[in-house]
Protein chains: 2
Amino acid sequence: MSEPRRRAPRADARRNYERLLAEADAAFRQEGTDASLEGVARRAGVAIGTLYGHFPHRRALVGALLRDRNQALFARGEELQSGSTAAAALTQWVHAVVEHAAAYQGLAAILAAGLDDEGSELHASCLRMADISDRLIARARAAGALRQDVTSADVHALMNAAAWTREHMPAEQADRLVKLTMDGMLSSAT
Amino acid sequence: MSEPRRRAPRADARRNYERLLAEADAAFRQEGTDASLEGVARRAGVAIGTLYGHFPHRRALVGALLRDRNQALFARGEELQSGSTAAAALTQWVHAVVEHAAAYQGLAAILAAGLDDEGSELHASCLRMADISDRLIARARAAGALRQDVTSADVHALMNAAAWTREHMPAEQADRLVKLTMDGMLSSAT
DNA sequence: ACTTAAACTGAGGCATCCTCGATATAGTCT
DNA sequence: AGACTATATCGAGGATGCCTCAGTTTAAGT
């Protein structure tokens, strides 16, 4: 239990790690999250084994790429806890998450799976996101702005569905879906 | 231009065709639309080349499998043109399509792509579906039951999104999403 | 310089996709 | 029956991707 005191990573390791991340990001943007990992390694000028050394599986790569982006999203979420109307805050949060979850083609599916899948790097982030959502939902409900029968699962379903939509249709269409559904969720409160 | 007058297919060909369809259906149900085609051929007791002889690509297989099911769906659609309320008819249609489009994991994506993709077998079916939808939408709008700003693209987006949801979450959750969104779409009419 | 843990390499086993020339056979014609 | 031929089937093989691991290289501490 005595903290092995890991040495700092070697310079070449760090270099390759960054290079891989950059190329993976490019590849995922172009071809979606199921882009060829051998292709990524090749473009990064590195052997395939090196890629697997840094990222044992595809999810790890996706997780690493999302880390920064996640921080920004969480910050936005916390910010929304106080400002604006309860209803507007929730709506904006949903839009923010949808945009985030549609960064790469196929990401929505990975995230949807990752919520259950204990132990993935994504799992922690998903929990954090869920927590932020829950608080915004509670606030909206307390303010009487949200239909009583709307659950947080409903909101998450919408987020995922809209993210997927954004991957397969014009972004504007996904936004309209969110708007219409939120209208349904917020409307008959009173 | 003189109709080559194709001879009827050979008995073994017909047999293999049916066998392949049956096994493909089983495989797609279990593993989704990206199940291994070599596996399908193997399970059908046929060489891989035979499979490709009958179905040049995966889409053709999916299209053939959907043909019957599509007929039933279309029938239901026509039936809904007259009975019930305009609003109820539209809602039921959406539910029907969603259930249809979630028959296999991954089907939603194929259908979403197939709508644009001229010339796929699915394209014709997609057009037919779109037509039915449009008429139900027009009817609902004429009855003043649908918000004026809701487009048929919105309805299709919902269908696809909900179908995807059904693939990744409990079916009941997808149904709730449909219900909530329809509430938003139907509500502020007057 | 020397040492060594850390990192890299890439061949190789396995799965899948899809094509195409060689081979088999169902159905027909005499 | 036997032979003919359009139709079908077969399955090896090239291409690509996944992932592992034994062997080799190298950064960095002494």
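Computation of the quantities below employed the complete heavy-atom set of this structure, encompassing side-chain atoms and omitting hydrogens, waters and symmetry-equivalent molecules. The sequence lines fix the lettering, A, B, ..., with proteins before strands; numbering per chain opens at 1.
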Nearest listed nucleotide, side chain of B/Ala11, among D/dT9, D/dC19, C/dA26: C/dA26
Just call it for A/Ser36: base, sugar-phosphate, or nothing, with non-hydrogen atoms closer than 4.0 Å on any strand. sugar-phosphate
Whole angstroms only, please: what is the CD-C1' distance between B/Glu38 and C/dC14? 12 Å
Could you check how far CZ of B/Arg19 sits from P of D/dT9, rounded to whole Å? 13 Å
Starting from C1' on D/dC10, measure out to CG on B/Leu20 and report it in whole angstrom. 13 Å
Side-chain N or O of A/Asn16 closer than 4.0 Å to phosphate OP1/OP2 of C/dC8: yes
What integer distance in Å separates B/Leu51:CG from C/dC17:C1'? 11 Å
Atom-pair distance (CZ on B/Arg42; P on C/dT16), nearest Å: 6 Å
Would you please confirm or rule out a distance under 4.0 Å between OP1 or OP2 of D/dA8 and any side-chain N or O of B/Thr50? no
Students often get this wrong, so: under 4.0 angstrom with heavy atoms, is B/Arg58 touching a base, only sugar-phosphate, or nothing? sugar-phosphate
Sugar-phosphate only, base, or nothing, as touched by B/Leu37 at under 4.0 Å among non-hydrogen atoms: sugar-phosphate
If you only use heavy atoms from C-beta on, which nucleotide in D/dT9, C/dG10, D/dG11 is closest to the side chain of B/Ala47? D/dG11
With heavy atoms under 4.0 Å as the rule, sort B/Gly53 into base, sugar-phosphate or nothing. nothing
In the structure I gave you, are the side-chain heavy atoms of A/His168 and B/Asn160 within less than 4.5 Å of one another anywhere? no
Interatomic distance, B/Arg7 CZ vs D/dC4 C1' [rounded to whole Å]: 11 Å
In Å and rounded to the nearest 0.5 Å, what is the CZ to OH distance from B/Arg58 to B/Tyr52? 7.0 Å
Interatomic distance, B/Tyr52 OH vs D/dG14 P [rounded to whole Å]: 18 Å
I'd like to know if B/Asp183 pairs up with B/Lys179 as an ion pair, taking the criterion as any Lys NZ or Arg NE/NH1/NH2 lying under 4.0 Å from an Asp or Glu carboxylate oxygen. yes
What is the distance, rounded to the nearest whole Å, between atom CZ of B/Arg14 and atom P of C/dG27? 11 Å
Nearest of D/dC19, C/dT19, D/dC10 to any side-chain atom of A/Ile48? D/dC19
Could you grab the distance from atom CD of B/Glu167 to atom CG of B/Leu107, nearest 0.5 Å is fine? 6.5 Å
Mapping A/Gly49 and A/Gly39 to their closest nucleotides on DNA chain D, which lands nearer the 5' end? A/Gly39
Is it true that the side chains of B/Ser125 and B/Asn70 contain a donor and an acceptor less than 3.5 Å apart? yes
Judged by each residue's nearest nucleotide on DNA chain C, which is more toward the 5′ side, A/Val46 or B/Arg10? A/Val46
Answer yes when B/Arg128 and B/Glu78 have at least one side-chain N-carboxylate O distance shorter than 4.0 Å, and no when they do not. yes
Of A/Asp12 and B/Pro9, the one whose closest DNA chain C nucleotide lies more 5': A/Asp12
Side-chain N or O of B/His57 less than 4.0 angstrom from OP1 or OP2 on C/dC17? no
